[in-house]
Chemist: 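The structure under discussion is supplied below as structure tokens; questions concerning it will follow.
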Amino acid sequence: MSLSTRPDSLHLVLGDEELLVERAVASVVRAVRAAAGPAGEDIPVSRLRTGDASAPELAELLSPSLFAEDRVIVLGAAAEAGKDAVTLVQDAAADLPEGVVLIVLHSGAGRAKAMAGVLQKSGATVHQCAKLKPSERVDFVRGEFRAAGVRVGTEVLEAVVEAVGSDLRELASACSQLVADTGGKIDAAAVQRYYSGRAEVSGFDVADKAVAGDSRGALEALRWAMHRGVAHVLLADALADAVHTIARVGSAGRGDPFRMASELGMPPWKIKKAQAQARGWNPASIGEALQVVAKLNADVKGQAADADYALEWAVQKVADLYGGG
């Protein structure tokens, strides 16, 4: 591999947003192989959890090879590695053998938290892959569309996030599907058509109907979602998110959504929507709804004998509480 085109040898993928982590690793591997020319596809990529390998195994993996062959090593779950493994990786990172590109995946926390700082001091190229804040998801969607060569307005970005939810994989998939379905001519109406056919997939349609007091509509959407195999946990999370959002926005009082966005850590469109929904809630009813979604969270994670019934009961109860019930 030419030294003039060779990518950096040490990379720190910092954060635990799985999609971003996978993309960061893939981008480094592509760069390494591209720099190697026609022979690049043969460059091996070794992947293992940092704590699963013994010290001798790690030492062998990170040691110089006889002919300095190019290779990529991806060490996952570095934040949970033991002391010996951490020391070995840090020492190797400070003086990597020729031909080795080391990618360390670190959550930024864990018992080996300090390792991230050590690797940065060793000159690691850092790829930030932390979980996105609610206000950052619109920017993520904008980036997905731009990567596909499509530019859309803010109303489209907000509509996609509102329709699909917080999961980055689902957001990325939705953007790709919208581009394919519309030929790149995307407006808010196109998002609505896309979402209306798949609304129950994320569970947010169920939640929106429930917190608006539409008991019949919420239960119908819920049953359709369960029929299509949407995970109980995702449905419960959507309902909890809706209730918690109304609670936070309601307690913050009336105000300009754009000014409140940084304080609440939410995009303005979500605050504006919650302000409208909050008109049907009072402190007592929202307090009871918070207890309902907390119980549902435990139920769908194993405490309930029948998770379907637990979801139906919770959705019905939240809808009944709307209006102060």
Side-chain angles (χ1 to χ4, degrees), residues 13-27 105 107-108 127-209 211 221-222 224-225 228-245 248-249 257 261-262 264-274:
V13 177
L14 190 58
D16 54 4
E17 181 58 70
E18 290 186 4
L19 178 65
L20 300 183
V21 169
E22 291 173 8
R23 288 182 173 182
V25 173
S27 70
L105 313 186
S107 68
H127 305 261
Q128 295 290 350
C129 298
K131 296 283 187 184
L132 296 189
K133 299 176 183 177
S135 58
E136 295 172 330
R137 291 171 193 146
V138 168
D139 289 333
F140 173 81
V141 172
R142 180 183 289 110
E144 292 297 295
F145 282 128
R146 284 180 177 173
V150 175
R151 291 187 178 273
V152 298
T154 302
E155 70 281 359
V156 171
L157 302 174
E158 293 177 348
V160 171
V161 174
E162 182 174 3
V164 179
S166 61
D167 186 273
L168 294 197
R169 289 187 191 278
E170 291 187 9
L171 286 170
S173 176
C175 293
S176 176
Q177 190 67 52
L178 276 167
V179 172
D181 287 353
T182 65
K185 298 177 181 179
I186 306 169
D187 56 17
V191 176
Q192 184 58 40
R193 289 195 301 273
Y194 170 83
Y195 177 56
S196 64
R198 302 163 173 81
E200 296 80 16
V201 170
S202 69
F204 285 90
D205 186 61
V206 179
D208 282 346
K209 292 180 185 298
V211 297
L222 175 64
W224 178 242
R228 296 185 64 176
V230 180
H232 294 114
V233 171
L234 294 180
L235 292 164
D237 284 348
L239 185 61
D241 179 75
V243 171
H244 281 276
T245 297
R248 290 182 62 197
V249 172
S262 59
L264 296 178
M266 300 179 193
W269 63 264
K270 191 171 186 178
I271 295 174
K272 185 177 180 180
K273 175 181 172 182

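Just so it is clear, the model here is predicted, and its values are computed rather than measured.
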Chemist: Checking E22 now: which residues fulfil side chain to side chain donor-acceptor pair (under 3.5 Å) with it, not counting sequence neighbours?
Modeler: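 Side chain to side chain donor-acceptor pair (under 3.5 Å) list for E22, sorted by chain: R169.
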Chemist: What's the separation between atom CG in D208 and atom CD in E162, rounded to the nearest 0.5 Å?
Modeler: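 Interatomic distance, D208 CG to E162 CD, rounded to 0.5 Å: 6.5 Å.
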Chemist: Show, in sequence, the C-alpha distance, side-chain angles and deciding distance for K270 and D241, and conclude whether the side chain to side chain contact (heavy atoms under 4.5 Å, CB included) test is met.
Modeler: CA-CA 11 Å; K270 191 171 186 178; D241 179 75; 3.2 Å; yes
Chemist: Give, for atom CG of L14 and atom CG of L20, the distance between the pair rounded to the nearest 0.5 Å.
Modeler: 12.0 Å
Chemist: Between side-chain atoms of residues 141-151 and protein atoms elsewhere (two or more places apart, or another chain), which donor-acceptor pairs fall under 3.5 Å?
Modeler:
residue: R142; atom: NH1; partner: D139; partner atom: OD1; Å: 2.5
residue: E144; atom: OE1; partner: R23; partner atom: NH2; Å: 3.0
residue: E144; atom: OE2; partner: R23; partner atom: NH1; Å: 2.6
residue: E144; atom: OE2; partner: R23; partner atom: NH2; Å: 3.4

Chemist: Taking all heavy atoms of F204 and all of A238, pick out the closest pair and write down the distance.
Modeler: N-CB, 4.0 Å
Chemist: Which atoms form the tightest heavy-atom contact between E17 and K131, and what is the distance?
Modeler: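 Of all heavy-atom pairs spanning E17 and K131, the closest is OE1-CD, 3.3 Å.
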Chemist: If you measure from CZ on R137 to CG on L157, what distance do you get to the nearest 0.5 Å?
Modeler: 14.5 Å
Chemist: Any chance you could measure H232, atom NE2, to D237, atom CG, to the nearest 0.5 Å?
Modeler: 13.0 Å
Chemist: Quick one: closest heavy-atom pair of D16 and S107, and the distance?
Modeler: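 Of all heavy-atom pairs spanning D16 and S107, the closest is CB-CB, 4.4 Å.
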Chemist: Any side-chain to backbone donor/acceptor pair from S27 onto A24? Under 3.5 Å, distance only.
Modeler: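 Yes, S27 side chain to A24 backbone: donor-acceptor pair under 3.5 Å.
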Chemist: Which pair of heavy atoms, one from V21 and one from G15, lies closest together, and at what distance?
Modeler: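 It is CG2-O, 3.7 Å.
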Chemist: Which heavy atom of P257 sits nearest to which heavy atom of P268, and what is that distance?
Modeler: CB-O, 3.6 Å
Chemist: For K133, is the NZ atom crowded, meaning more than 12 foreign heavy atoms sit under 6.0 Å from it?
Modeler: no
Chemist: Supply the atom-to-atom distance L234 CG to L239 CG, rounded to the nearest 0.5 angstrom.
Modeler: 13.0 Å
Chemist: If you round to the nearest 0.5 Å, how far is CZ of F140 from CG of L171?
Modeler: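 Reported to 0.5 Å precision, the distance equals 6.5 Å.
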Chemist: Among V152, V161, L178, whose side chain to side chain contact (heavy atoms under 4.5 Å, CB included) with V191 holds?
Modeler: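 Testing V191 for a side chain to side chain contact (heavy atoms under 4.5 Å, CB included) against V152, V161, L178 leaves exactly one candidate, L178.
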